[in-house]
**Student:** 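Just dropping this structure here.
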Amino acid sequence: MKNVKVILLSVVALILVSCGTTSTVPITGRKQNLIVSDEQVLSLSNQQYQEYMKTAKASTNATNTAMVKRVGQNLANAVVSYLNANGLGAEVSQYKWEFNLVQDKQVNAFCMPGGKIVVYEGILPVTQDEASLAIVLGHEIAHAVAKHSAERLSNAYKQQYGLQVISAVAQGAGASSTLTQLGTQVLGVGAQAWSSGFSRKQESEADHMGLIFAAMAGYDPQVAVNFWQRMSSATGGGSSSIFSDHPTDATRIQQIQGWLPEAKQYYKPKVTTTTTTTKKTTTTTKKSTKKK
């Protein structure tokens, strides 16, 4: 009987893998096998995102709110342009980017599939400037672009719930409820839970991609080193609260330093053009002519 179960589980695993699609993560080139569709993941995440935003308190600081939206949109535009130029535009074609700053003292930020990103006010004293904020947002955008949530769901299917899913598919019913139940168990209830359990491999990948995304958008990737040094000081030098499953801050900084030469190849400083209008004053002198 034990051998039969092993064989059955092996068959299920093969079916799940064969039913999935092979996806390549941009920038890193890592291969993924995803057995959940973008539509399924976006449906789950959008529902939880809407519930979160009903209870979240938007920041009342207009300047900081505008900064988060501006930096976030600059990054999104650069990423979409890169993906389109490399034949990968379909990967984010269904995304509707949103960048929100909320009232919360936690040194944190999170991302949900589909480009829904939330920044807590508590992280702004650590970022200090737009370039460092771009490092944080680049990391969050990377989680979405790399489809890390879909990967987590797919792995859960293959490792824990394969028989249940195959049964649901075979019966032609219940797949939706099975997916919802699995999403709740694996990704948690609530928006932030979607990005609180990424593996260290995924977190490092997001660091790598996010650094390059920031550079693409015109933000100096070099600031990432000082930012993470500040983050290390703010959180006591261990794995920071922003990404609990990340490598330690010391490891992250070392990895970032190794990726900087690659990121700098994408870096083109943003050019600010100032237009000065000069009013030209014409003085007309009336000449009086007298008859002699």
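The figures that follow rest on heavy atoms only: side chains count, while hydrogens, waters and symmetry mates do not. When a residue number appears, it is its place in the shown sequence, counting from 1.
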**Student:** If we ignore hydrogens and angles and just use 3.5 Å, is the side chain of Thr65 paired with the main-chain N or O of Ala62 as donor and acceptor?
**Tutor:**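 Not a single qualifying donor-acceptor pair exists.
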
**Student:** Do the non-hydrogen side-chain atoms of Asn100 and Val68 ever get within less than 4.5 Å of each other?
**Tutor:**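 Not in contact.
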
**Student:** Can you give me the closest heavy-atom contact between Ala150 and Val41, atom names plus distance?
**Tutor:** CB-CG2, 3.8 Å

**Student:** Hey, are Thr24 and Lys31 close enough side-chain-wise for a donor-acceptor pair under 3.5 Å?
**Tutor:**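 Judged by distance alone, the side chains do pair up.
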
**Student:** For Gly115 and Ala144, work out which heavy atoms get closest and say how close.
**Tutor:**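 Taking Gly115 first and Ala144 second, the nearest heavy atoms are N-CB, 4.4 Å.
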
**Student:** Do you know which two heavy atoms are closest between Asn61 and Thr63, and how far apart they sit?
**Tutor:**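 Closest pair (atom of Asn61, atom of Thr63, distance): OD1-N, 3.1 Å.
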
**Student:** SG of Cys111 to CZ of Phe99: how many Å apart, nearest 0.5 Å?
**Tutor:** 8.5 Å

**Student:** Please check: side-chain N/O of Gln32 versus main-chain N/O of Ala146, any donor-acceptor pairing under 3.5 Å?
**Tutor:**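 Yes; judged by distance alone, with no hydrogens or angles, the pair exists.
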
**Student:** For Gln48 and Ser45, indicate whether the former's side chain and the latter's backbone hold a donor-acceptor pair under 3.5 Å.
**Tutor:**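 Here the side-chain-to-backbone pair does not exist.
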
**Student:** Donor-acceptor pairs under 3.5 Å, side chain of residues 122-129 to any protein atom, not counting sequence neighbours: which ones?
**Tutor:**
{"from": "Thr127", "atom 1": "OG1", "to": "Leu124", "atom 2": "O", "distance (Å)": "3.1"}
{"from": "Asp129", "atom 1": "OD1", "to": "Ala131", "atom 2": "N", "distance (Å)": "3.3"}
{"from": "Asp129", "atom 1": "OD1", "to": "Ser132", "atom 2": "N", "distance (Å)": "2.7"}
{"from": "Asp129", "atom 1": "OD1", "to": "Ser132", "atom 2": "OG", "distance (Å)": "2.9"}

**Student:** Count I, L, V, M, F, W, Y as connected when their side-chain heavy atoms are under 4.5 Å apart, and connections chain through other members. Are Tyr95 and Val79 then in the same cluster?
**Tutor:** yes

**Student:** Within a strict 4.5 Å, meaning less than it, do heavy atoms of the Ile141 and Ile117 side chains meet?
**Tutor:**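 They are in contact (side-chain heavy atoms under 4.5 Å apart), so the answer is yes.
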
**Student:** Going by heavy atoms in the side chains, are Thr251 and Gln255 under 4.5 Å from each other?
**Tutor:** yes

**Student:** Identify the two heavy atoms, one from Met209 and one from Pro26, that lie closest to each other, and give their separation to 0.1 Å.
**Tutor:** CE-O, 3.6 Å

**Student:** Without swapping roles, check the side chain of Ser232 against the backbone of Trp228 for a donor-acceptor pair under 3.5 Å.
**Tutor:**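 Side chain of Ser232 to backbone of Trp228: no pair is present.
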
**Student:** Pairs in or reaching into residues 49-65: which pass salt bridge (Lys or Arg N to Asp or Glu O under 4.0 Å), with residues at least two apart or in two chains?
**Tutor:** Glu51-Lys54

**Student:** When hydrophobic residues are tied together by side-chain contacts of less than 4.5 Å, even through go-betweens, does Val25 share a cluster with Leu83?
**Tutor:** yes

**Student:** To the nearest 0.5 angstrom, please state how far the CD1 atom of Ile135 sits from the OH atom of Tyr219.
**Tutor:** 10.5 Å

**Student:** Nearest 0.5 Å, what's the CG-CG distance between Leu153 and Leu34?
**Tutor:**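 If we round to the nearest 0.5 Å, Leu153:CG and Leu34:CG are 10.0 Å apart.
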
**Student:** Does the Gln202 side chain pair with the main chain of Ser199, one donor and one acceptor, at a distance under 3.5 Å?
**Tutor:**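 Here the side-chain-to-backbone pair exists.
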
**Student:** Can you check whether Ile35's main-chain N or O pairs, donor with acceptor, with Ser154's side chain at less than 3.5 Å?
**Tutor:**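 Yes, the answer is positive, given that a donor and an acceptor are paired below the 3.5 Å cut-off.
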
**Student:** Please examine the side chains of Met216 and Ser81, heavy atoms only from C-beta on, and report whether any two atoms are closer than 4.5 Å.
**Tutor:** no

**Student:** Do Val136 and His139 come within less than 4.5 Å of each other through their side chains, counting heavy atoms only?
**Tutor:**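 They are not in contact (no side-chain heavy atoms under 4.5 Å apart), so the answer is no.
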
**Student:** Which heavy atom in Pro221 sits nearest to a heavy atom in Leu260, and how many Å separate them?
**Tutor:**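 Closest heavy-atom pair between Pro221 and Leu260: O-CD2, 3.5 Å.
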
**Student:** Can you list the residues that meet the salt bridge (Lys or Arg N to Asp or Glu O under 4.0 Å) rule with Arg70, with sequence neighbours excluded?
**Tutor:**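 Partners of Arg70 by the salt bridge (Lys or Arg N to Asp or Glu O under 4.0 Å) criterion, ordered by chain and then number, come out as Glu130.
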
**Student:** How close do Ile256 and Ala224 get, heavy atom to heavy atom, and via which atoms?
**Tutor:**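 Looks like CG2-CB, 3.9 Å.
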
**Student:** For Glu205 and His143, which I'm curious about, is there any donor-acceptor pair between the side chains at under 3.5 Å?
**Tutor:**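 The answer is no; no qualifying pair exists.
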
**Student:** Is Ile212 linked to Val225 within one hydrophobic cluster, defined over Ile, Leu, Val, Met, Phe, Trp and Tyr using a side-chain heavy-atom separation of less than 4.5 Å?
**Tutor:**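 Same cluster: Ile212 reaches Val225 through Ile, Leu, Val, Met, Phe, Trp or Tyr contacts under 4.5 Å.
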
**Student:** Under 4.5 Å between side-chain heavy atoms, counting indirect links through other Ile/Leu/Val/Met/Phe/Trp/Tyr residues: same cluster for Tyr82 and Leu137 or not?
**Tutor:** yes

**Student:** Determine whether Glu121 and Gln103 satisfy the following criterion, side-chain hydrogen bond (donor to acceptor under 3.5 Å, both in side chains), listing intermediate values before the conclusion.
**Tutor:** CA-CA 6 Å; Glu121 287 183 323; Gln103 297 180 43; 5.9 Å; no

**Student:** Distance only, no hydrogens: is a donor on one side chain within 3.5 Å (strictly under) of an acceptor on the other, for Tyr49 and Glu98?
**Tutor:**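 Result is yes, a qualifying pair exists.
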
**Student:** Apply side chain to side chain contact (heavy atoms under 4.5 Å, CB included) to the pair Trp259 and Asp207, showing each step before the final yes or no.
**Tutor:** CA-CA 9 Å; Trp259 294 320; Asp207 276 347; 3.7 Å; yes

**Student:** Is it the case that Gln94 and Glu39 place a side-chain donor and acceptor less than 3.5 Å from each other?
**Tutor:** yes

**Student:** Dump the intermediate steps for side chain to side chain contact (heavy atoms under 4.5 Å, CB included) on Tyr267 and Asp220, then the final yes or no.
**Tutor:** CA-CA 7 Å; Tyr267 176 48; Asp220 187 358; 3.6 Å; yes

**Student:** Could you tell me if the side chain of Lys147 sits less than 4.5 Å from the side chain of Asp38, heavy atoms only?
**Tutor:**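 Yes; the side chains approach each other to less than 4.5 Å.
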
**Student:** Please tell me if the side chains of Val145 and Glu91 come closer than 4.5 Å, counting only heavy atoms from C-beta onward.
**Tutor:**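 No, their side chains stay 4.5 Å or more apart.
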
**Student:** Report yes if the side chains of Tyr120 and Lys105 come closer than 4.5 Å at any heavy-atom pair, otherwise no.
**Tutor:**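 No, too far: nothing below the 4.5 Å cut-off.
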
**Student:** Is there a donor in the side chain of His148 and an acceptor in the side chain of Glu203, or the other way round, less than 3.5 Å apart?
**Tutor:**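 Absent: no donor and acceptor within the cut-off.
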
**Student:** Does the side chain of Glu151 come under 3.5 Å of the side chain of Asn155 through a donor N or O and an acceptor N or O?
**Tutor:** no

**Student:** If I take atom CE from residue Met67 and atom CG from residue Leu133, how far apart are they, to the nearest 0.5 angstrom?
**Tutor:**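 So the gap between those two atoms works out to 5.0 Å.
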
**Student:** Please check this pair: side chain of Thr55 against backbone of Tyr52, looking for a donor-acceptor N/O pair closer than 3.5 Å.
**Tutor:** yes

**Student:** Run the numbers on Gln222 and Lys264 for side chain to side chain contact (heavy atoms under 4.5 Å, CB included), then give the verdict.
**Tutor:** CA-CA 8 Å; Gln222 185 70 45; Lys264 288 179 179 178; 3.1 Å; yes

**Student:** Using the rule that Ile, Leu, Val, Met, Phe, Trp and Tyr join whenever any side-chain heavy atoms are under 4.5 Å apart, tell me whether Phe110 and Leu42 fall into a single cluster.
**Tutor:**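 Result: no, two separate clusters.
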
